Amino acid sequence: MMKKMSISTSKTSLVLFLCQIISALDVPLDLSQPPTITQQSPKDYIVDPRENIVIQCEAKGKPPPSFSWTRNGTHFDIDKDAQVTMKPNSGTLVINIMNGGKAEAYEGVYQCTARNERGAAISNNIVIRPSRSPLWTKEKLEPNHVREGDSLVLHCRPPVGLPPPIIFWMDNAFQRLPQSERVSQGLNGDLYFSNVQPEDTREDYICYARFNHTQTIQQKQPISVKVFSTKPVTERQPVLLTPTGSTSTKVELRGNVLLLECIAAGLPTPVIRWIKEGGELPANRTFFENFKKTLKIIDVSEADSGNYKCIARNALGSVHHVISVTVKAAPYWITAPRNLVLSPGEDGTLICRANGNPKPSISWLANGVPIAIAPEDPSRKVDGDTIIFSHVQERSSAVYQCNASNEYGYLLANAFVNVLAEPPRILTPANKLYQVIADSPALLDCAYFGSPKPEIEWFKGVKGSILRGNEYVFHDNGTLEIPVAQKNNAGTYTCVARNELGKIQNEVQLEIKDPTMIIKQPEYKVIQRYGQVSFECIIKHDSTLLPTVTWLKDNDELPDDERFLVGKDNLTIMNVTDKDDGTYTCIVNTTLDSVSASAVLTVVAAPPTPAIIYARPNPPFDLELTGQLERSIDLSWIPGDENNSPITSFVIEFEDALHEPGVWRYQTEVPGSQTTAQLKLSPYVNYSFRVIAVNRIGRSQPSEPSEQYLTKSASPDENPANVQGIGSEPDNLVITWEPLKGFQSNGPGLQYKVSWRQKDVDDEWTSVIVANVSKYIVSGTPTFVPYEVKVQALNDLGYAPEPSEVIGHSGEDLPMVAPGNVQVHVINSTLAKVHWDPVPLKSVRGHLQGYKIYYWKVQSLSRRSRRHIEKKILTFRGNKTFGMLPGLEPYSSYKLNVRVVNGKGEGPASPDKVFKTPEGVPSSPSFLKITNPTLDSLTLEWGSPTHPNGVLTSYTLKFQPINNTHELGPLVEIRIPANESSLILKNLNYSTRYKFYFNAQTSVGSGSQITEEAVTIMDEAGILRPAVGAGKGYSEILFATSPVMHTVRPTFYKVQPLYPRIRNVTTAAAETYANISWEYEGPDHANFYVEYGVAGSKEDWKKEIVNGSRSFFVLKGLTPGTAYKVRVGAEGLSGFRSSEDVFETGPAMASRQVDIATQGWFIGLMCAVALLILILLIVCFIRRNKGGKYPVKEKEDAHADPEIQPMKEDDGTFGEYSDAEDHKPLKKGSRTPSDRTVKKEDSDDSLVDYGEGVNGQFNEDGSFIGQYSGKKEKEPAEGNESSEAPSPVNAMNSFV
């Protein structure tokens, strides 16, 4: 069946197009290619000395590459060091530090080499250094005696660590020392006082150094400061504390953050201002920190070089300092070398261009060896930053490294030259169907590969000319783009890829659909209470698209009320009430587009007289503020005209001109009889108010704003909400929160105190104060351990109340252990059960999400031919130890492995397990042709089944004559050897129609049959007899007939005439329904019916009658994610029906489950049911005492056998497998619908019985949720299924 693909928007097309460009650059995995480094550790790798060192090196290639390492420039023999191991099928090194190794012993420069027969790729130089957190040197600190108004610098001088520590100042109570324009911390960690005040006297100025990598904090001895007063205090003009002098220089690297600092002493406290001489500070990249004492420019470039001047000024004068900034640059790519695929004899170039300051030098290596000493290649010529290849041969394949370096760093890039001779391949599936809406762009794929690079041409139609012109856009990856697709662009497009080794072509189909339009939209309605209103929504759409119309009220579902009647093209509301007031939206969706239209419904009271006009009220006026307090104020107003509809309420809104000027927010709402209100206020907000009147018709225009009122500042009243601690990496904890709004800050200088400590460990809280942000990252944490986290707000006036604590976890890492003891139990030809041992929870290193089974078909045992391996994945949630593999192909060899999954990803795979499926019944023969009719013979030719599903043992041919009244004659059966492909039937009746039935057999049984009809000729006039030997290669079957065979009529049965036929049955499937359409040729006034069933099932067909003589029908109530078979027939003509078609419904959307046991309506319903049951028990007791009797048949029907097998939800048939290992047969007496059959040997299992979504999963009981189709729960049913809702008694039983 043709694969369908829909393109709904140009955005979707663009994403698809970009994905194709990426994939087109890769060499197909089945072709030889040199190694490519895919993953490696960072160049400067600082490790935790307490944990194992993992140095990553992953590569791909064919053949798979081998790996080796160098350390400090010499070969690193890992076999001689018991502490060092290399991961299987990988180059990643694991150095065991936790079992006695010393991290310092493994410091050095490491480099990985990945090598195969086509070349060698190398990693960057990876410098391994363990982090260090040395102790503070002990020193005797003298008290600082300072005169009031003088400047002061408290030196921190932290120990030198790796990486450098983070510095902050706190007191003995572990409270952050408040900082301001007068007192602040410098970039070097020192604490600067522009001028000291008496309140600065204290003995606990403590400098702390936090080493994040080892999660340790060191503290300096407390420093004492005593301020003595002298009257009067002398004011002083500014003097720079740092930097000293009038000029200084600063060198920064391109792309880094430039930090310039100026801290000045003086009284009054100086104010700092920054300028750039001869230019402007870069917009959008310039920030001021530390009360404007620090200038921060992010992502600097050479253009940011220049002189930056800081000016410190107070009332007595000013001082300035000029910092000359020079921006240097480590090497960065202009053109990095890219992989090169050439065919023998072709030319090509590798280009490596980099820039930097100073300009970097370029050097080349071949397979990791300097190119000057590498083996010579006559096809290669090095010209500076370019390597030129001429007339390459297969031995020219290699990996080249380009190294660009200067004094500030280096860049290393691998690029291979792969010499291949490959004819063109087209990777896009054949006959792919694209559907687009008219006037939208269409992108037709032609993903290709070949060497030499193929040329791509597009044609329209089977024999059309090559496409050219501005109407089309031809992309380098082979994609044909039609920017504005029109109806005349529909049709078949052929993509041809050719090079000197061959040519290949592929056809795709393009369908252009008419856009969906709402030709009559719903209109604004004003309706009186208790009246009736109707909204129209008449649509026009493409005839091949199935639209769905949905109505919404205020962007939500319509109320569950029988007053709302949804028609084909309208919505009618009966007995309108005030609650029906709102906006009604009609949404029309198809598989390709969506349109909507809305209208407002206003409900009003019935007018007392026809002359009264109802309208929205006029706005209030004359707003006045009185009773101003810090946290409240009184607002009064005069209402406007209510316009014949009483004012029901007043809405009061406020504007905060300080934080959100121009934004009006809801304050409160008061009844319509009230014209004053006392309003609660927040600190540090510049309020103004306005009032809106509301009546039944609607809302008035807002009043004019009141005068402004600025409230005083205060410490915050609340802390941030939604505090979470979730690690993003194995060694960190990301603490996030919702920042306070501007008016919640209660004052200037809003900051947050972030605190954390490891749970269940006797640790002190670690705290840090951050700016008004929403995230803080704690580095160097152990992997996946619980933490207690809290975030407290503070501003310049103090702290918010103590916050509550939340529990978070540091980051997850990939699981370390693969599941063991993997066992496979083959249940039948299409189903297997997999068992495994769970991995230890400690090795999961994260939240256990479940297990994944990777499985793939290796080969078919009947054909012994391998194919492209397509791996399938099933996911089983939770700590499962088994899972089912459905949808397997009979008589095939499979492999599988199992992996554990956490939030970070998948762990290592278990060893591959091989298993085989037994034989099954074959599919129908691929074709049956009847040729060469003569007076008494017919020639039959057939094709073997597409899916033999085992070893074919024979074919069975059945045939019978059909007379002119459409009656069937005697049935003849012939068994034919499996190695035959044709047959000649002789001694048939002349001028007679025969009907043939043909199928194939394996040792398991017979497959589906194919039917055909043919007629022997009237006479042989003009018919050429075949020459002698013309029948060679055919089997001949002779039937001896008596002379009366042509005159004596055998017993016949009535059959349909041949000339009517139904063809071109097509389906368009959604989640729970499908649209079936067909074409009919034959007598008029035929009454059609549609038969359908689950594909692959042996159950009887379900039948639906089509009203009238329509050529389409909608099947409803289908199961999501299920494959169905369908055919169409005509009533009154026995056996006259179309061929079978197969379609699959869409996957089920995950529904949000609600615990109904906690719902009020459910509790009330259960109480009513309990009361009803009590009444029934009393009645039964009274009847029993009166001698009442109950039929035995009713008791048997009321109590189903407890071991009855579960029934499928979609069609009521019994499933073949229970959840347990053993499969119990249906007990005698269990009830089965009369139109269903149950066969133990039938295999009805398929992916549709288990799957959901892309990654299949299992429920907690081990039942499959699925990978390929919608969720389908299996529940036991008693007796025949009913379409009615379950009774409350059954609902109660489900909770017991």
Side-chain angles (χ1 to χ4, degrees), residues 1-17 19 428-429 431-445 482 484-487 489-493 508-519 537-552 566 568-569 585-597 1064-1078 1090 1092 1111-1124 1126 1141-1151 1248 1252-1254 1268-1271:
M1 191 170 69
M2 182 178 293
K3 183 177 179 182
K4 290 187 177 181
M5 179 176 182
S6 300
I7 304 176
S8 58
T9 65
S10 59
K11 188 176 294 185
T12 304
S13 306
L14 180 60
V15 172
L16 177 66
F17 171 56
C19 293
T428 300
N431 290 321
K432 196 171 187 177
L433 175 61
Y434 295 88
Q435 296 177 325
V436 299
I437 295 295
D439 298 327
S440 299
L443 293 171
L444 310 183
D445 298 339
I482 306 174
V484 183
Q486 303 293 335
K487 282 286 188 178
N489 295 124
T492 300
Y493 288 80
V508 297
Q509 310 294 326
L510 176 62
E511 293 182 357
I512 308 299
K513 306 294 184 180
D514 290 327
T516 305
M517 295 182 292
I518 301 178
I519 57 178
C537 185
I538 301 176
I539 64 173
K540 178 182 179 182
H541 63 90
D542 191 284
S543 59
T544 62
L545 297 179
L546 183 63
T548 58
V549 179
T550 305
W551 286 90
L552 303 178
V566 178
K568 178 183 177 183
D569 49 20
T585 304
C586 165
I587 301 177
V588 185
N589 289 303
T590 69
T591 55
L592 297 183
D593 61 352
S594 176
V595 292
S596 64
N1064 291 345
V1065 177
T1066 58
T1067 60
E1071 182 180 338
T1072 58
Y1073 63 88
N1075 188 20
I1076 314 299
S1077 59
W1078 59 86
V1090 176
Y1092 69 102
S1111 60
F1112 66 91
F1113 186 78
V1114 179
L1115 290 176
K1116 299 181 179 179
L1118 305 180
T1119 302
T1122 303
Y1124 285 91
V1126 66
D1141 191 18
V1142 177
F1143 67 91
E1144 183 172 345
T1145 54
M1149 301 299 292
S1151 62
V1248 300
E1252 173 186 55
V1254 178
Y1268 302 99
S1269 59
K1271 179 176 181 181

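These numbers come from the heavy atoms of this one structure, side chains and all, not from hydrogens, waters or symmetry mates. All values reported here derive from a predicted model rather than from experimental measurement.
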Item to complete: Dump the intermediate steps for side-chain contact (heavy atoms from CB on, under 4.5 Å) on Gln486 and Asp439, then the final yes or no.
Response: CA-CA 6 Å; Gln486 303 293 335; Asp439 298 327; 2.7 Å; yes

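- To the nearest 0.5 angstrom, Ile482 atom CD1 is 6.5 Å from Ile512 atom CD1.
- Taking the six-membered ring for Trp and thresholds of 30 and 60 degrees, Tyr1092 and Tyr1124 have ring planes inclined between 30 and 60 degrees apart.
- Interatomic distance, Ser596 OG to Leu552 CG, rounded to the nearest 0.5 Å: 9.0 Å.
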Item to complete: Using the side-chain contact (heavy atoms from CB on, under 4.5 Å) rule, take Val1090 and Val1126 through it: C-alpha gap first, then chi angles, then the decisive distance, then the call.
Response: CA-CA 7 Å; Val1090 176; Val1126 66; 3.7 Å; yes

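- Of all non-hydrogen atoms in Cys586 and Val549, the two that sit nearest each other are SG-CG1, 3.9 Å.
- Taken to the nearest 0.5 Å, the CG atom of Asn489 stands 13.5 Å off from the CD atom of Glu511.
- Partner of Val436 under the side-chain contact (heavy atoms from CB on, under 4.5 Å) criterion, out of Leu510, Asp593, Leu592: Leu510 alone.
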Item to complete: Starting from the C-alpha separation in whole Å, work towards a yes-or-no answer on side-chain contact (heavy atoms from CB on, under 4.5 Å) for Leu1118 and Phe1143.
Response: CA-CA 12 Å; Leu1118 305 180; Phe1143 67 91; 4.0 Å; yes

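- Not counting sequence neighbours, the partners of Ser594 by the side chain to side chain donor-acceptor pair (under 3.5 Å) test are Asn589.
- Only one option out of Leu546, Leu545, Val595, Asp542 pairs with Thr590 in a side-chain contact (heavy atoms from CB on, under 4.5 Å); it is Leu545.
- A 4.5 Å side-chain heavy-atom check between Asn431 and Gln509 finds at least one atom pair inside the cut-off.
- In terms of heavy-atom proximity, Glu1144 sits nearest to Ala1069 at O-CB, 3.5 Å.
- Here Ile538 pairs with Ile519, Lys520, Glu536, Asp569 under the side chain to side chain contact (heavy atoms under 4.5 Å, CB included) rule; sequence neighbours left out.
- A distance-only check finds a donor-acceptor pair linking the side chain of Thr1145 to the backbone of Thr1119 [under 3.5 Å].
- Side chains of Ser1077 and Thr1066: a donor on one and an acceptor on the other come within 3.5 Å.
- Here the straight-line distance linking atom OG1 of Thr428 with atom CG of Leu444 works out to 10.0 Å at 0.5 Å rounding.
- Considering every non-hydrogen atom in both Val588 and Pro547, the closest pair reads CG1-CB, 4.0 Å.
- Dense packing is recorded around NZ of Lys487, with more than 12 heavy atoms of other residues, nucleotides or ligands lying under 6.0 Å away.
- Here Tyr1073 contributes atom OH and Leu1115 contributes atom CG; the two are 12.5 Å apart, rounded to the nearest 0.5 Å.
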